[in-house]
Structure formats: C-alpha cells, structure tokens
Amino acid sequence: MKIKLTDDVMRDHTKEKAMAGPRPVVMSGPSGAGKSTLLKKLLKEFDGVFGFSVSHTTRSPRPGEENGKDYHYVTREVMQAGIANGEFIENAEFSGNMYGTSKAAIQAVQAKNLICILDIDMQGVKNIKRTDLNPIYVSIQAPSMDILEKRLRDRKTESEESLQKRLHAAKVDMEISKEPGLFDVVITNDDLDVAYGKLKDALLKEIQKVRDTSKS
Ligand SMILES: Nc1ncnc2c1ncn2[C@@H]1O[C@H](COP(=O)(O)OP(=O)(O)OP(=O)(O)O)[C@@H](O)[C@H]1O
Ligand SMILES: Nc1nc2c(ncn2[C@@H]2O[C@H](COP(=O)(O)O)[C@@H](O)[C@H]2O)c(=O)[nH]1
C-alpha cells in the first residue's frame with residue numbers, strides 16, 4: 001500500500017529534520033593523545049562548520065589559554081553550584097580538578113547550526129551515553145604509553161604529580177576504549193596528518209549536511 005503524506009505531515013517532518021541539525025561529535029582519549037591538536041585543525045579548516053563546546057574547569061589556565069575560549073575557568077564553589085542547579089549535561093573529576101559541559105555551551109554552538117565538538121574524558125563519555133545528545137563518539141589514542149608520556153612531558157604543562165595522575169588515567173582509558181560499541185571510531189594518532197585524514201573521513205557525512213544546509 002502506498003501511503004500518501006499530507007503537506008502538513010511533510011512540512012512537520014522537514015521542520016523536525018532541520019531542527020535536529022547535525023550530530024555533535026564527542027572526542028575522547030587519554031590526556032596527551034592529541035585531541036586538542038586534531039580538533040584545532042578541524043576548527044581551522046572547517047570554519048563555519050564546527051563549533052567548540054567550551055567546558056568549565058577548576059584547573060588554572062595554561063600559558064596562552066583564554067577564558068571563554070579554551071575553558072570557562074571557575075572555582076569549585078561556582079562549579080558545584082552550577083551542577084546542583086542542573087546547568088551541566090555531564091561533569092567529572094579528572095587529575096584533581098573538576099570539568100564539565102554546560103547545557104548552555106552546547107546550545108550556543110547548536111543555535112548556529114554548527115557541528116558541536118565536545119572534548120571530554122572517559123567519565124564524560126559514559127555520562128553523555130545516558131543523555132539524548134546522540135553524538136558521534138571518536139576515541140583518539142596515542143601509539144603507545146611511552147609516546148604518550150613523551151608527548152605529555154614535552155608539552156611542559158603538567159607537574160610531576162599531575163603527569164602521573166594523567167598517565168594512570170590513560171592506562172584505564174586505553175583499556176575501556178576497546179569496549180565494543182563504546183566508540184564509533186578509534187583513531188591512533190601516530191602521524192598527525194594520517195590521523196587527521198581519518199578524523200575527517202569519519203565526519204564527512206555531518207560536514208556535508210552542514211554545507212548543504214548553509215547552501216539552501
Ligand atoms: N601526531 C603527533 N605527533 C607528535 N606530537 C603530537 C601529535 N599529536 C599531538 N602532538 C603533541 O602532543 C602534545 C599533546 O597533544 P594535545 O595537547 O593535543 O593532547 P590532548 O589529547 O588534547 O591532551 P589533554 O587531554 O591533556 O588536553 C602536544 O604538545 C602536541 O603538540
Ligand atoms: N568529562 C569532561 N572532561 C573534560 C571536559 N573538558 C575537558 N575534559 C577532559 O579533561 C582532561 C584534561 O583536560 P586538560 O585540558 O586539563 O588537559 C582531558 O581528557 C579532557 O578531554 C568536560 O567538560 N567534561
């Protein structure tokens with residue numbers, strides 16, 4: 001039997017699709033694996049396609065980081081009040097600091113019909129899985145623990161204590177990321193250009209959606 005859709009039904013369906021917008025992208029993986037490096041390349045090459053979800057954190061800014069651009073830097077008290085007030089879609093304690101994605105951070109990107117990128121740890125991934133955000137889950141991994149440690153040390157952003165906490169979390173992360181179905185794609189970031197190519201391939205469909213929408 002052929003079902004004839006009325007104009008109203010068709011209009012509603014189209015509106016729903018337009019409102020749904022592109023799927024967000026969750027990038028996760030051990031600290032030092034190269035998430036920020038890769039997502040900065042994406043944001044630069046695809047200006048007007050991707051938007052970064054600016055998280056809140058209680059850690060101090062690193063040299064060159066900007067409040068409101070890299071993170072919203074807040075105190076524990078402010079962060080805890082926001083969480084208690086239901087302002088966060090997810091939050092986690094990582095390496096002695098609090099991190100969280102506010103609902104407003106995601107809405108700010110989605111309001112512009114951009115692909116919202118979240119850079120979050122494994123606890124964040126597990127928590128986002130319980131929401132209806134429906135992102136594409138990408139895991140970025142380093143080729144080995146030794147290379148990861150070298151990258152983190154060479155970055156010169158961590159104290160020895162923070163570095164050890166991050167390496168410990170990385171071991172857990174590397175194991176969990178093998179869980180079948182947890183991530184849509186797992187990318188080993190060995191050669192940066194190769195890893196970036198794989199990331200673009202994984203997101204091609206969503207990139208095209210945004211480009212098609214902005215043309216129409
Ligand atoms: N493919 C690569 N080869 C060599 N060095 C790399 C590569 N990718 C990233 N790096 C370097 O490794 C360091 C860690 O990368 P980056 O800061 O992007 O990691 P991250 O996963 O975002 O870490 P965090 O979770 O702590 O923010 C940086 O100094 C970066 O320049
Ligand atoms: N669960 C969340 N994790 C987050 C968020 N923002 C960042 N992160 C993760 O924290 C670590 C450390 O980040 P760093 O900038 O201090 O190196 C890293 O794995 C990030 O992915 C967040 O909002 N929620």
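Below, all heavy atoms of this structure are taken into account, side chains as well, without hydrogens, waters or symmetry copies.
- Hydrophobic cluster membership of L204, counting Ile, Leu, Val, Met, Phe, Trp and Tyr whose side-chain heavy atoms lie under 4.5 Å apart directly or via other members: none, as it forms a cluster of its own.
- Annotation: E161, atom CD; neighbour count of heavy atoms from other residues, nucleotides and ligands within 6.0 Å does not exceed 12.
- Between the S28 side chain and the S139 main chain, no donor and acceptor come within less than 3.5 Å of each other.
- No side-chain heavy atom of T131 sits under 4.5 Å from any side-chain heavy atom of E90.
- The backbone N or O of P22 sits nowhere less than 3.5 Å from a side-chain atom of E206 that would complete a donor-acceptor pair.
- When every heavy atom of T101 is checked against every heavy atom of S53, the shortest pair comes out as CG2-OG, 3.5 Å.
- Residues K41 and L192 form a side-chain contact, since some pair of their non-hydrogen atoms from C-beta on lies under 4.5 Å apart.
- At most 12 heavy atoms of other shown residues, nucleotides or ligands fall within 6.0 angstrom of atom NZ in K198.
- The minimum heavy-atom distance between R166 and S31, with the atom names listed, is NH1-OG, 2.8 Å.
- Listed for the T57 side chain is a donor-acceptor partner under 3.5 Å among the backbone atoms of M98.
- At least one side-chain heavy atom of F50 sits under 4.5 Å from a side-chain heavy atom of L203.
- The shortest distance between side-chain heavy atoms of P61 and D70 does not fall below 4.5 Å.
- N189 approaches G34 most closely through the heavy-atom pair ND2-CA, 3.6 Å.
- Nearest approach of D119 to S36, heavy atoms of both residues: OD2-OG, 3.7 Å.
- Proximity of a side-chain donor or acceptor of K35 to a complementary backbone N or O of G29 within less than 3.5 Å is detected.
- Of all heavy-atom pairs between G96 and R76, the closest is O-NH2, 3.4 Å.
- The line from CD1 of I207 to CD of E45 is 7.5 Å long, rounded to the nearest 0.5 Å.
- Contacts of H56 classified as ring pair (Phe, Tyr, Trp, His ring centres under 6.0 Å), with partners at least two apart in sequence or in another chain: H72, F88.
- Screening R151, K156, K150 for a side-chain hydrogen bond (donor to acceptor under 3.5 Å, both in side chains) involving D154 leaves a single residue, K150.
- Within the 4.5 Å cutoff, no side-chain heavy atoms of N91 are placed close to those of Y99.
- Annotation: cation-pi pair K129/Y137 present, NZ/CZ under 6.0 Å from the ring centroid and within 45° of its normal.
- Without hydrogens or angle criteria, K103 side chain to G86 main chain gives a donor-acceptor distance under 3.5 Å.
- With contacts defined as side-chain heavy-atom distances shorter than 4.5 Å, the pair E160/R153 qualifies.
- Interatomic distance, CG of L118 versus CD1 of I89, reported as 7.5 Å (0.5 Å rounding).
- The environment of CG in D47 is sparse: at most 12 heavy-atom neighbours from other residues, nucleotides or ligands sit within 6.0 Å.
- Taking the side chain as every heavy atom from C-beta outward, I106 and P24 never approach each other to under 4.5 Å.
- Between Q123 and E93, the shortest heavy-atom distance links the atoms NE2-O, 2.9 Å.
- Judged purely by atom type and a 3.5 angstrom limit, K200 has no side-chain atom pairing as donor or acceptor with the backbone of L42.
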